[in-house]
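Here is the structure we will look at, set down as structure tokens.
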Amino acid sequence: MCGIVAAVAEREVSPILLEGLRRLEYRGYDSAGLAVLDADARLQRHRAVGKVEALATAQSRQPIYGSLGIAHTRWATHGAPTEANAHPHMASDDVAIVHNGIIENHEALRGELTAAGYPFASETDTEVVVVAIHDRLAAGDDLLSAVKAVTARLEGAFALGVISRHEPGRLIAARRGSPLVVGIGIGEHFIASDVAALLPVTRDFVYLEEGDIADIRRDRLQILDAQGGAVERPVKTSSLTADAAERGGYRHFMAKEIHEQSRAVAETLEGRISDGHVLPQALGPQAAELLGAARRVQIVACGTSYHAGLVARYWFESIAGLPCEVEVASEYRYRPHVVPPDTLFLTLSQSGETADTLAALREAKGLGYKATLAICNVPESSLVRESDLVMMTRAGPEIGVASTKAFTTQLTALLLTVLAAARSKGLAGSEEATLVGALRQLPRQIDAVVGLEPRIEGLAEQFVDKHHSLFLGRGSQYPIAMEGALKLKEISYIHAEAYPAGELKHGPLALVDADMPVITVAPNDDLVEKLKSNLQEVQARGGRLLVFADEASAPAATADCQVMTLPAVHEVTAPLLYTIPLQLLAYHVAVLKGTDVDQPRNLAKSVTVE
Ligand code: AGP
């Protein structure tokens, strides 16, 4: 999704802007640009379609210098990824803007401004904002007043960075619905969509709140809140270091992140379990009381996080006896709801900035839920700040668009939450101790499965020329099959569908032939014998199986059934472990196909627009 970086300093800012954009590449984008105010008070701009490197090349061929600048990576929404549509957008060489989000009333505004005689050079929604600001400047406003007046008229979501050639040394930032942080340097200030962009220049950040407008100069920061009053926001020091978001010897971030999972899961458990039980304080001081009072759970999330929610439904119902519903956020937010008393509203999100999930949370707040709980990987995200209870996953920065360690740490945090809730619902201490023991074993088991990578890499070759694939699972492994299918499709572009194996005979069996691999997750659980019958239905129709199982559950390996054996694992924690081989398989298929593994086409890491 679009990324913003901007700086006001004494030094030359172009290198800071370019490095910031490189660090935002993981968010997904299709063009990039920067504008700086030069020593002669002229706004100079470079824009390029494709990677930030293309922009860097333009800058090295014809350097533009200045100590005030804004930069952007664009993920196309309104208008194709062309140079004309790339940001920054400018009006009459007077004012330049970068924008993340969507202006919903852009057509009406464009109509007004066109009628007033202003020309437009792009198809974007953003350009209306810069032209409207220019219009206010022409009427005599200063830059801050112009941004205030224009943002008051905008509908939709935005994070903005604005500079003008008439006010050197001044950067205006505004935020509503899209994330924006201010980086505090020594005698210099920055803004960015994500702290990762600014870690080489500062670790001190102010997180802008909804409706804030920041008036930023090299040595001064003033923030106005949504009502226009001056407000102090706390400065927070990030614990991340500049190299936290680097590949560290791996070919791709995704590979690094798959390998980091045992440590990330161990860190997510750290300090939250003791003597065979979960410490409910891990979710905050009110957690024991609110979880104890909850009689139902509603989970809302998107994509991979939604799959984690689907696994958690099995756990909430079977371990805590709590009825649980799970829904994708983009659907939840747009339908009427009947909320039963004492229902806990639980959101899951790696980024904490996913527009649909945030909107669902905001919608839910007026619906009478008992409390809101967020399980999230980014401490200062909007989701965390707006929820009553929070359980942080401790995955560290996840850069690859395909979510891996965020998913397994979400599952870890979810199981901790389920156990904390189950205590007051009568879960026996001995059963809790068994499950805590199973959680403790996970880091070692994950390492053992990651150790199978060379063999999985070998299997990947069979997929390179395939166009379709089927993923099967039953019970809590069905969401894992869904997650495996999502991983394969998003990074290798092979069409992949997941089915609960018992559903095959109701339709998808018609697709099965020797050309469509059927990948199955089959740990030794209550449903494994039924699952094996479903696999025979596939073999009887000439289908080719790849089965991940343990020694006790493995079907006989044959010419049409390859089996990869995983360590034995407790039935409850098996979904975490069986995710790993599917991630590795998708990764190696994508590498063999030569796709852009970390930034797959058309996708963005943090989906901050609807
Ligand atoms: C999965 O690999 C994707 N990156 C995507 O489905 C992602 O999980 C979804 O966009 C939700 O993101 P979030 O967890 O940051 O809310």
Side-chain angles (χ1 to χ4, degrees), residues 1 3 25-29 75 178-179 193-194 196 252-255 257-258 261 264 299-312 326-333 346-362 374-384 386-387 390-393 395-414 471 479-480 482-493 496 498 579-580 582-587 589-590 595-610:
M1 210 94 313
E25 284 191 297
Y26 77 92
R27 294 166 68 90
Y29 68 103
W75 187 77
S178 297
S193 302
D194 181 330
H252 297 102
F253 280 110
M254 185 180 177
E257 289 157 5
I258 290 172
Q261 287 180 107
I299 299 178
V300 170
C302 303
T304 288
S305 297
Y306 168 68
H307 296 157
L310 291 175
V311 174
V326 191
E327 190 166 359
V328 288
S330 54
E331 288 298 316
Y332 176 90
R333 61 183 289 197
L346 199 173
T347 52
L348 296 166
S349 174
Q350 186 284 128
S351 61
E353 299 294 349
T354 300
D356 285 321
T357 309
L358 258 179
L361 170 65
R362 289 170 185 161
I375 292 183
C376 187
N377 195 40
V378 180
E380 300 301 339
S381 62
S382 305
L383 203 69
V384 167
E386 295 182 29
S387 299
V390 171
M391 166 81 88
M392 294 312 302
T393 52
E398 188 181 70
I399 306 296
V401 163
S403 195
T404 52
K405 60 179 181 170
F407 180 68
T408 43
T409 54
Q410 279 173 344
L411 290 178
T412 306
L414 279 162
F471 283 71
I480 301 309
M482 295 170 78
E483 176 58 10
L486 177 61
K487 291 287 90 88
L488 188 68
K489 77 179 87 159
E490 71 180 326
I491 59 169
S492 76
Y493 315 147
T579 302
I580 315 288
L582 303 188
Q583 296 169 343
L584 288 167
L585 182 68
Y587 173 73
V589 174
T595 60
D596 190 345
V597 173
D598 285 331
Q599 292 160 34
R601 68 185 183 199
N602 307 337
L603 297 181
K605 180 66 182 166
S606 182
V607 186
T608 53
V609 298
E610 195 178 340

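Order of appearance sets the numbers: ligands from 1, and atoms from 1 within every ligand. Nothing fancy with the numbering, it's 1 onward along the sequence.
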Taking it one step at a time, do Thr393 and Ile375 satisfy side chain to side chain contact (heavy atoms under 4.5 Å, CB included)? CA-CA 7 Å; Thr393 52; Ile375 292 183; 3.9 Å; yes
Between Gln261 and Thr408, is there a side-chain donor-acceptor contact under 3.5 Å, judged purely by atom types and distance? yes
Numbering the atoms of ligand 1 from 1, which are under 4.0 Å from a heavy atom of Ala402? 2 (O)
Partners passing salt bridge (charged side-chain N to carboxylate O under 4.0 Å, His left out) against Glu257 (at least two apart in sequence or in another chain): none
Counting non-hydrogen protein atoms only, what is the nearest one to atom 11 (C) of ligand 1? Give residue, atom name and distance. Cys302 O, 3.4 Å
In ligand 1, the atoms that come under 4.0 Å of a heavy atom of Thr354 are 12 (O), 13 (P), 15 (O), 16 (O)
For atom 2 (O) of ligand 1, what is the closest protein heavy atom, and at what distance to 0.1 Å? Glu490 OE2, 2.5 Å
Nearest atoms (heavy-atom pairs only) where Phe471 meets Leu582: CE2-CD2, 4.2 Å
Atom 15 (O) of ligand 1 sits nearest the protein heavy atom Ser351 OG, 2.7 Å
What are the two closest heavy atoms between Ser381 and Cys376, and how far apart are they? OG-SG, 3.4 Å
The side-chain contact (heavy atoms from CB on, under 4.5 Å) partner of Lys605 among Glu353, Glu25, Glu398 is Glu398
Return yes when Lys487 approaches ligand 1 closer than 4.0 angstrom through a heavy atom, no otherwise. yes
Please walk me through it: do Ile480 and Phe407 pass side chain to side chain contact (heavy atoms under 4.5 Å, CB included)? CA-CA 10 Å; Ile480 301 309; Phe407 180 68; 3.9 Å; yes
Numbering as shown, the atoms of ligand 1 that approach Ser305 to under 4.0 Å (heavy-atom distance): 8 (O), 13 (P), 14 (O)
Purely on distance, is any nitrogen or oxygen of Gln350 under 3.5 Å from one on ligand 1? yes
In terms of residue, atom name and distance, what is the protein heavy atom nearest to atom 4 (N) of ligand 1? Val401 O, 2.6 Å
Near Thr304 (heavy-atom distance under 4.0 Å), the atoms of ligand 1 are 1 (C), 2 (O), 6 (O), 8 (O)
Could you work out, with side chain to side chain contact (heavy atoms under 4.5 Å, CB included) as the rule, every residue matching Ser305, not counting sequence neighbours? Ala301, Leu348, Gln410
Output the list of atoms in ligand 1 that are nearer than 4.0 Å to some heavy atom of Ser349, sorted by atom number. 13 (P), 14 (O), 15 (O), 16 (O)
Among all the protein's non-hydrogen atoms, which is closest to atom 10 (O) of ligand 1, and how far away is it? Val607 CG2, 3.9 Å
